2 protein chains.
Amino acid sequence: MKSNFNLDKFISDLQSFCNKTQTKSFEKGEIITTYLVNRRQVCILLEGSADLLRYDFNGNKTIVERFYRHAIFGEVFYQINTNNDLFVLAKENSKVIFFNYDIFDKKCKKNCDFHEKLLINLPNLILSKIEDLNFRIELLSKRTTREKLISYFSKQSENIFNKSFVLPLTLTDLADYLSVDRSAMMREISTLKEDGIIKKDGNKITMLID
Amino acid sequence: MKSNFNLDKFISDLQSFCNKTQTKSFEKGEIITTYLVNRRQVCILLEGSADLLRYDFNGNKTIVERFYRHAIFGEVFYQINTNNDLFVLAKENSKVIFFNYDIFDKKCKKNCDFHEKLLINLPNLILSKIEDLNFRIELLSKRTTREKLISYFSKQSENIFNKSFVLPLTLTDLADYLSVDRSAMMREISTLKEDGIIKKDGNKITMLID
DNA sequence: ATAAAAATGTTGTAAAAGCAACAAGAAAAC
DNA sequence: GTTTTCTTGTTGCTTTTACAACATTTTTAT
């Protein structure tokens with residue numbers, strides 16, 4: 001549904017042509033990166049999924065963003081003020097390519113076509129990210145938990161062209177993502193079921209409306 | 001406070017070097033552009049301010065984004081499905097430069113250094129936009145109207161390095177921006193005043209805390 | 001200068017959401 | 001295979017927010 005250009009080819013190009021990138025694998029639960037002031041790291045998720053997390057002074061967790069395959073993230077894309085505030089946690093075993101944003105200014109060697117490819121492909125990754133952010137804003141702008149849930153479910157359904165889909169998040173995480181109280185959300189899911197808007201079987205949801 | 005590169009020079013470069021861009025002026029209240037499916041227009045606000053607006057089926061207005069000088073917008077940055085859903089309205093007299101995103105693929109003529117400049121500067125504009133979107137998400141993620149207001153006010157205060165600042169939006173628009181009911185927001189502003197968190201004189205707010 | 005429109009400010013009441021606590025089921029760890 | 005941890009599901013109660021209505025002030029239009 002997102003950008004359709006050949007990202008996989010691009011990724012393999014990145015790895016073969018430039019010695020200024022680094023690829024690492026992470027196990028579920030490992031910290032992929034912590035956002036640092038004055039660093040301009042760029043990360044692209046090649047495999048797996050991960051969360052950008054923040055814990056506030058009260059210890060409340062916020063899922064700032066959830067990343068899936070091909071997501072781009074790093075300090076470059078987030079205004080940070082203090083260290084250790086934001087970090088990215090692998091939700092599944094993941095593979096990530098890292099490089100510094102400075103790569104755009106300082107070419108690594110003559111005739112390295114890495115930069116050309118990067119300049120050509122990066123915009124697509126970034127535009128895709130902007131679309132995600134806009135959707136998240138649309139979600140969070142909804143006034144009620146019910147509307148948030150319907151929007152989120154509809155989007156999931158549209159993404160796979162199917163009325164039924166499996167939730168990619170636990171319900172606990174979904175509440176954090178929609179920025180609502182979990183128990184209140186559960187209550188709302190119950191009324192959505194009662195009202196015949198959705199059907200729910202475990203973490204499989206079916207939309208019963210258009 | 002945002003990106004510090006020389007945007008003004010870049011803008012004048014854009015206008016002088018490439019015949020594929022167009023610059024137009026708009027009076028307050030005029031529609032700058034309507035988002036169209038299958039178009040990939042890019043707009044940069046050179047002067048003034050504008051709102052990206054949506055009216056839902058109930059007629060409720062949402063300020064999707066508010067643009068100030070140097071903001072970048074257009075279909076490229078928003079996933080749209082239907083025409084006439086989203087449009088950009090000038091809040092003040094404004095000046096906007098338009099070009100098509102295809103400009104990145106199809107160079108206009110040999111030795112036109114427009115493209116080089118565009119490729120160099122556009123990322124800064126876009127990263128600045130991403131920062132704005134992230135801040136908006138942070139705001140909307142707050143669970144209470146009180147927290148949303150405090151975050152918004154703090155940000156305004158930090159931006160100009162001054163405890164006192166003039167609201168850039170009307171209170172009515174601020175409510176739409178924070179996605180809360182206006183009267184409920186007004187009530188919360190009252191309690192913020194009572195609790196000695198802020199001082200308010202017309203549309204000038206002073207933070208009384210850190 | 002006057003009328004019209006928009007924004008601000010306030011309040012009562014109904015609806016929604018948050019908080020807290022707990023039981024039951026599922027998944028992960030040992 | 002058993003224990004421990006995490007997730008789901010539910011409910012009573014409190015706080016917050018939305019809705020609606022209206023008065024007042026400010027801004028805009030003519």
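Proteins come first, then strands; the chains are lettered A, B, ... in the order of their sequence lines, and each starts at number 1. In this text, all values refer to a predicted model and were calculated from it rather than measured experimentally.
A straight line from CG of L169(A) to P of dC6(D) spans 18 Å, rounded to a whole angstrom. At whole-Å resolution of the value, NZ in K204(B) and P in dT8(C) are 17 Å apart. If you measure from atom CE of M186(B) to atom C1' of dA7(C), you get 9 Å, rounded to the nearest angstrom. If you measure from atom CG of N203(A) to atom P of dC6(D), you get 19 Å, rounded to the nearest angstrom. Atom CG in L167(B) sits about 10 Å away from atom P in dG9(C), given to the nearest Å. A straight line from NZ of K142(B) to P of dT17(D) spans 14 Å, rounded to a whole angstrom. Rounded to an integer number of Å, the gap from E27(B) CD to dT28(D) P is 14 Å. dT7(D) atom C1' lies 11 Å from atom NZ of K91(A), rounded to whole Å.
For the residue pair S151(B) / E138(B), no side-chain donor-acceptor distance below 3.5 Å is found, with atom types taken as modelled. Residues S94(B) and E47(B) bring no donor and acceptor atom of their side chains to less than 3.5 Å of each other.
A salt bridge links R146(B) with E188(B): at least one charged nitrogen is closer than 4.0 Å to a carboxylate oxygen.
Proximity of T170(A) to the phosphate of dC6(D): no side-chain N or O atom is located under 4.0 Å from OP1 or OP2.
A donor-acceptor pair under 3.5 Å is absent between the side-chain atoms of T23(A) and the main chain of I97(A), judged by distance alone. When atom types are taken as modelled, the side chain of S164(A) and the backbone of T206(A) share no donor-acceptor pair closer than 3.5 angstrom.
Within residues 189-200 of chain A, no residue has any heavy atom under 4.0 Å from DNA chain C.
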Which pairs, protein N/O on one side and nucleotides 12-22 of chain C N/O on the other, fall under 3.5 Å?
residue, atom, partner, partner atom, Å
dG12(C), O6, R187(B), NH2, 2.4
dA17(C), OP1, T145(A), N, 2.6
dA17(C), OP1, T145(A), OG1, 3.4
dG18(C), OP2, D181(A), N, 2.8
dG18(C), O6, R187(A), NH1, 3.4
dC19(C), N4, S183(A), OG, 3.1
dA20(C), N6, S183(A), OG, 3.1

Could you pull out the protein-nucleic contacts involving nucleotides 26-30 of chain C (nitrogen or oxygen on both sides, under 3.5 Å)?
none

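Remark: F77(B) pairs with no residue by the ring-ring contact (aromatic ring centres under 6.0 Å, His included) rule, at least two apart or across chains. With sequence neighbours excluded, the residues that form a salt bridge (charged side-chain N to carboxylate O under 4.0 Å, His left out) with R39(A) are E75(A). Under the rule for a side-chain hydrogen bond (donor to acceptor under 3.5 Å, both in side chains), the partners of K129(A) that lie at least two apart in sequence or sit in another chain are E65(A). A search for side-chain hydrogen bond (donor to acceptor under 3.5 Å, both in side chains) contacts involving K163(B) returns D210(B), not counting sequence neighbours. Shown here are the side-chain hydrogen bond (donor to acceptor under 3.5 Å, both in side chains) partners of S154(B), two or more places apart in sequence or in another chain: there are none. For R187(A), there are no salt bridge (charged side-chain N to carboxylate O under 4.0 Å, His left out) partners, not counting sequence neighbours. S25(A) meets the side chain to side chain contact (heavy atoms under 4.5 Å, CB included) test with K95(A); sequence neighbours excluded.
Over its length, the helix from dA1(C)-dT30(D) to dC30(C)-dG1(D) turns its helix axis by 70°, as judged from the five terminal pairs at each end, rounded to 10°.
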Could you give the side-chain donor-acceptor pairs of residues 171-184 of chain B under 3.5 Å, partners two or more places apart or in another chain?
residue, atom, partner, partner atom, Å
D173(B), OD2, R66(B), NH2, 3.2
D173(B), OD2, K91(B), NZ, 3.0
S179(B), OG, S141(A), O, 2.4
D181(B), OD2, S183(B), N, 3.2
D181(B), OD2, S183(B), OG, 2.5
D181(B), OD2, A184(B), N, 3.1

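Checked against the 6.0 Å centroid criterion, the rings of Y35(B) and F87(B) do not qualify as a close aromatic pair.
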